[in-house]
Engineer: 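The structure's right below; bear with me while I get my questions together.
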Amino acid sequence: MLCNTVSGDNDCAVETAQDSSLIDGSFRLQTTWPHEYVSESIEVFETGAMRWNIDSNDIKTALESISDSNGNKVFGLVGVTRSPYIPPTHSRWSGGYQWVVTFLSRGGNIPAMIVQDSALTGIDVTLE
């Protein structure tokens, strides 16, 4: 914001220099289980809602807590790291985060996680 004019009463007229993208809300992660080569009956499993700024330990807990009806951990054991996300066209933090999930125990060709981000709010908010 820029203060362009000041009156004698210390009032300021404010002009927006640039719109920002404040992020809020939550997202969910999904995967399928079991592997398509193991069964023809594949189910979709989903985490609960996770805040936009969730820390890595909480994502790890959320993923590792999901089991099928036989007690198998659907996501398996995972390692998760979180770091500030800096878009390629920017030189500073954008307010978002990047999480890297490493599958430590689920073998084979692991299907890509699906992101449900309809509960995220902000301007041009994306989850990949």
Engineer: Rounded to the nearest 0.5 Å, what separation is found between the CD1 atom of I110 and the CZ atom of F103?
Structural biologist: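 Output value for this atom pair is 5.0 Å.
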Engineer: Any chance you could measure T47, atom OG1, to I54, atom CD1, to the nearest 0.5 Å?
Structural biologist: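 With rounding to 0.5 Å, OG1 (T47) is 8.0 Å from CD1 (I54).
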Engineer: Do S26 side-chain atoms and A119 backbone N/O form a donor-acceptor pair below 3.5 Å?
Structural biologist: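 Checked: no pair found.
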Engineer: Show your reasoning for whether side chain to side chain contact (heavy atoms under 4.5 Å, CB included) applies to I59 and R82.
Structural biologist: CA-CA 10 Å; I59 287 185; R82 181 185 89 167; over 6 Å; no
Engineer: Apart from I86 itself, which Ile, Leu, Val, Met, Phe, Trp or Tyr residues share its cluster (side-chain heavy atoms under 4.5 Å, direct or through members)?
Structural biologist: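 Besides I86, the hydrophobic cluster comprises nothing; the residue is isolated.
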Engineer: Could you pull out the closest heavy-atom pair between S105 and L77, with the gap in Å?
Structural biologist: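 Scanning both residues, the minimum pair turns out to be OG-N, 2.7 Å.
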Engineer: Under the side-chain hydrogen bond (donor to acceptor under 3.5 Å, both in side chains) rule, collect the residues that match up with W33, sequence neighbours excluded.
Structural biologist: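 Expected list: D68.
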Engineer: Going by the side-chain hydrogen bond (donor to acceptor under 3.5 Å, both in side chains) test, which pairs reach into residues 48-59, not counting sequence neighbours?
Structural biologist: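 Every pair satisfying side-chain hydrogen bond (donor to acceptor under 3.5 Å, both in side chains) with a residue in residues 48-59: D24-R51.
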Engineer: Looking only at non-hydrogen atoms, find the nearest pair between P88 and Y85 and report the distance.
Structural biologist: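 Where P88 meets Y85 most closely, the heavy atoms are CD-OH, 3.6 Å.
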Engineer: Please list, chain by chain and in numerical order, all residues satisfying side-chain contact (heavy atoms from CB on, under 4.5 Å) with S39, sequence neighbours excluded.
Structural biologist: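 Residues passing side-chain contact (heavy atoms from CB on, under 4.5 Å) with S39: P34, S41.
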Engineer: Write down the atom of F75, the atom of M113, and the distance for their closest heavy-atom approach.
Structural biologist: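 The pair with the smallest heavy-atom distance is CE2-SD, 3.7 Å.
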Engineer: Given the rule that I, L, V, M, F, W and Y join up when any side-chain heavy atoms are under 4.5 Å apart, are V74 and I114 in one cluster?
Structural biologist: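 Different hydrophobic clusters.
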Engineer: Looking at K73, is its backbone amide N or carbonyl O close enough to the side chain of E64 to form a donor-acceptor pair, meaning the two atoms are under 3.5 Å apart?
Structural biologist: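 No: the side chain of E64 does not pair with the backbone of K73.
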Engineer: Go through the structure and list residues passing side-chain contact (heavy atoms from CB on, under 4.5 Å) with T32, not counting sequence neighbours.
Structural biologist: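 In terms of side-chain contact (heavy atoms from CB on, under 4.5 Å), with neighbours along the sequence ignored, T32 is linked to I42, V44, P111.
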Engineer: For R28, what residues pass the salt bridge (Lys or Arg N to Asp or Glu O under 4.0 Å) criterion, not counting sequence neighbours?
Structural biologist: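 In terms of salt bridge (Lys or Arg N to Asp or Glu O under 4.0 Å), with neighbours along the sequence ignored, R28 is linked to E46.
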Engineer: Measure the acute angle between the ring planes of F27 and W99, then classify it against the limits of 30° and 60° as parallel, tilted or perpendicular.
Structural biologist: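 F27 and W99: tilted rings.
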Engineer: Any idea which heavy atoms bring V78 and L104 closest together, and the distance?
Structural biologist: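 Minimum heavy-atom separation between V78 and L104: C-CD1, 3.7 Å.
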Engineer: Just verifying a value: how many Å separate M50 CE and T61 OG1, rounded to the nearest 0.5 Å?
Structural biologist: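 Rounded to the nearest 0.5 Å, the CE-OG1 separation comes to 11.0 Å.
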